[in-house]
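When reading the values below, keep in mind they use all heavy atoms of this one structure, side chains included, and skip hydrogens, waters and symmetry mates.
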Amino acid sequence: LSLARRRALLGGDHRDVAASLVALGMLRTAQADYVEAERLVRAGLQMGQRLLPPGDPFVGGATASLGQVMEERGDYDAAIPVLDSAVQLLSISDTASPALSTALSELANTHFYAGHFPISDSLNRRILVMDRAISGAAHPNVEDNLIPLGAIESESGHYAKAERYYRQGLDIMQAWYGPTHPETAAALIMIARVVVPQGRLEEAAELLHRGL
């Protein structure tokens, strides 16, 4: 509806029309309609590239959205260069912004899913510093960085290191959302997953019970 109205009001080529195309494409991504999602996001990106300079944040953001579509459908080799390009574009205007942090996070996640743990770890450490500067050390965005760092350690068999990251994340979630919020429950369950292979089964059971 928004796309149709913007086309009627603004014509075929307009920044707001491009934005609606990308937004609709990301909705289709959430619905797992990846073919239609890519078509829409590419159309919005190409329109933005025609109308706007390369340094415009919209172009970088739309490029990141295209990379996310590819990531979500599991095409990691194709997603990585697209997300690399998005990071470079978003770095033109600002070296620390929420949009750049989001693009870096998608890039880090894609490298993680592709099994490139050292690259993902390096990117997530960069994002952690950035998000602490943007949002403060106790913001849930920081927890979003701690979780993948913990996941990398867990996948590498370093369960004690993973637990330290997850417990930092739990502290943030409990302080921000309270002890009975689903986000706090998810953090408890993440800790339990790395406590089990450390042989602390009673503690893991207690954590899972609290999470449940």
Side-chain angles (χ1 to χ4, degrees), residues 26-34 37 64-65 67-76 79-80 83 98-212:
M26 297 315 292
L27 174 61
R28 295 291 179 259
T29 302
Q31 296 168 330
D33 186 355
Y34 300 121
S65 294
Q68 186 177 348
V69 174
M70 296 172 172
E71 174 200 345
E72 292 285 344
R73 76 176 184 219
D75 193 354
Y76 307 131
I80 286 170
L83 290 166
L100 177 56
S101 173
T102 298
L104 282 165
S105 294
E106 293 299 336
L107 180 59
N109 290 342
T110 306
H111 277 294
F112 176 83
Y113 298 138
H116 308 154
F117 295 155
I119 299 174
S120 182
D121 183 80
S122 177
L123 288 167
N124 276 302
R125 290 180 187 280
R126 176 182 172 188
I127 302 160
L128 180 60
V129 172
M130 184 181 299
D131 281 349
R132 280 173 169 162
I134 293 171
S135 305
H139 195 277
N141 286 349
V142 173
E143 193 261 1
D144 289 342
N145 307 143
L146 294 167
I147 292 302
L149 285 168
I152 292 166
E153 297 294 352
S154 178
E155 289 293 323
S156 303
H158 305 149
Y159 301 116
K161 290 182 179 179
E163 182 182 349
R164 286 196 289 273
Y165 283 121
Y166 290 158
R167 286 195 181 278
Q168 290 176 54
L170 174 62
D171 289 344
I172 292 171
M173 291 296 104
Q174 287 188 138
W176 192 272
Y177 292 112
T180 60
H181 193 277
E183 292 289 347
T184 302
L188 288 164
I189 293 166
M190 293 295 289
I191 296 170
R193 288 176 177 170
V194 294
V195 166
V196 169
Q198 294 182 73
R200 290 149 46 203
L201 301 184
E202 290 185 7
E203 183 180 350
E206 192 271 334
L207 288 163
L208 289 168
H209 179 75
R210 286 171 59 193
L212 179 61

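The CG atom of Asn145 sits 11.0 Å away from the NE2 atom of His139 when rounded to the nearest 0.5 Å. Separating the CE atom in Met130 from the CG atom in Leu123 is a distance of 10.0 Å, to the nearest 0.5 Å. Atoms CD and OG, on Glu106 and Ser101 in that order, are 10.0 Å from each other to the nearest 0.5 Å. To the nearest 0.5 Å, the span separating CD1 on Ile191 from CD on Gln168 amounts to 10.5 Å. Put simply, CG on Leu212 and CZ on Arg210 are 12.5 Å apart, with the number rounded to the nearest 0.5 Å. Atom-to-atom distance recorded for Arg164:CZ and Leu146:CG is 13.0 Å, nearest 0.5 angstrom.
Remark: side-chain polar atoms of Tyr159 are not paired, donor with acceptor, to backbone N or O of Arg193 under 3.5 angstrom. Listed for the Ser154 side chain is no donor-acceptor partner under 3.5 Å among the backbone atoms of Gly150. Thr184 places no side-chain N or O within donor-acceptor distance of the main-chain N or O of Thr180, the cut-off being under 3.5 Å.
For Leu188 against Gly211, the heavy-atom pair with the smallest separation is CD1-N, 3.9 Å. Taking all atoms of both residues into account, the shortest heavy-atom contact from Glu143 to Ile172 is N-CD1, 4.0 Å. Here the closest non-hydrogen pair linking Tyr34 and Glu72 is OH-O, 3.5 Å. Residues Ile147 and Tyr166 come closest through the heavy atom pair O-CE2, 3.5 Å. In terms of heavy-atom proximity, Ala79 sits nearest to Thr110 at CB-CG2, 4.0 Å. Here the shortest heavy-atom pairing between Val194 and Ala162 reads CG1-CB, 3.9 Å.
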Dump the intermediate steps for side chain to side chain donor-acceptor pair (under 3.5 Å) on Asn141 and Asp131, then the final yes or no. CA-CA 7 Å; Asn141 286 349; Asp131 281 349; 5.3 Å; no

The test is side-chain contact (heavy atoms from CB on, under 4.5 Å); show your working for Gln68 and Met26 and say whether it passes. CA-CA 9 Å; Gln68 186 177 348; Met26 297 315 292; 3.4 Å; yes

Derivation of the salt bridge (charged side-chain N to carboxylate O under 4.0 Å, His left out) call for Asp121 and Arg125: CA-CA 6 Å; Asp121 183 80; Arg125 290 180 187 280; 2.8 Å; yes

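Side-chain contact between Leu207 and Ile189 is absent, with no heavy-atom pair separated by less than 4.5 Å.
Within a 6.0 Å radius of CD in Glu202, no more than 12 heavy atoms belonging to other residues, nucleotides or ligands are found.
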Please tabulate, for side-chain N and O atoms in residues 111-120, each donor-acceptor pair with protein atoms closer than 3.5 Å (sequence neighbours left out).
residue, atom, partner, partner atom, Å
His111, ND1, His116, ND1, 3.0
Ser120, OG, Ala108, O, 2.9
Ser120, OG, Asn124, ND2, 3.2

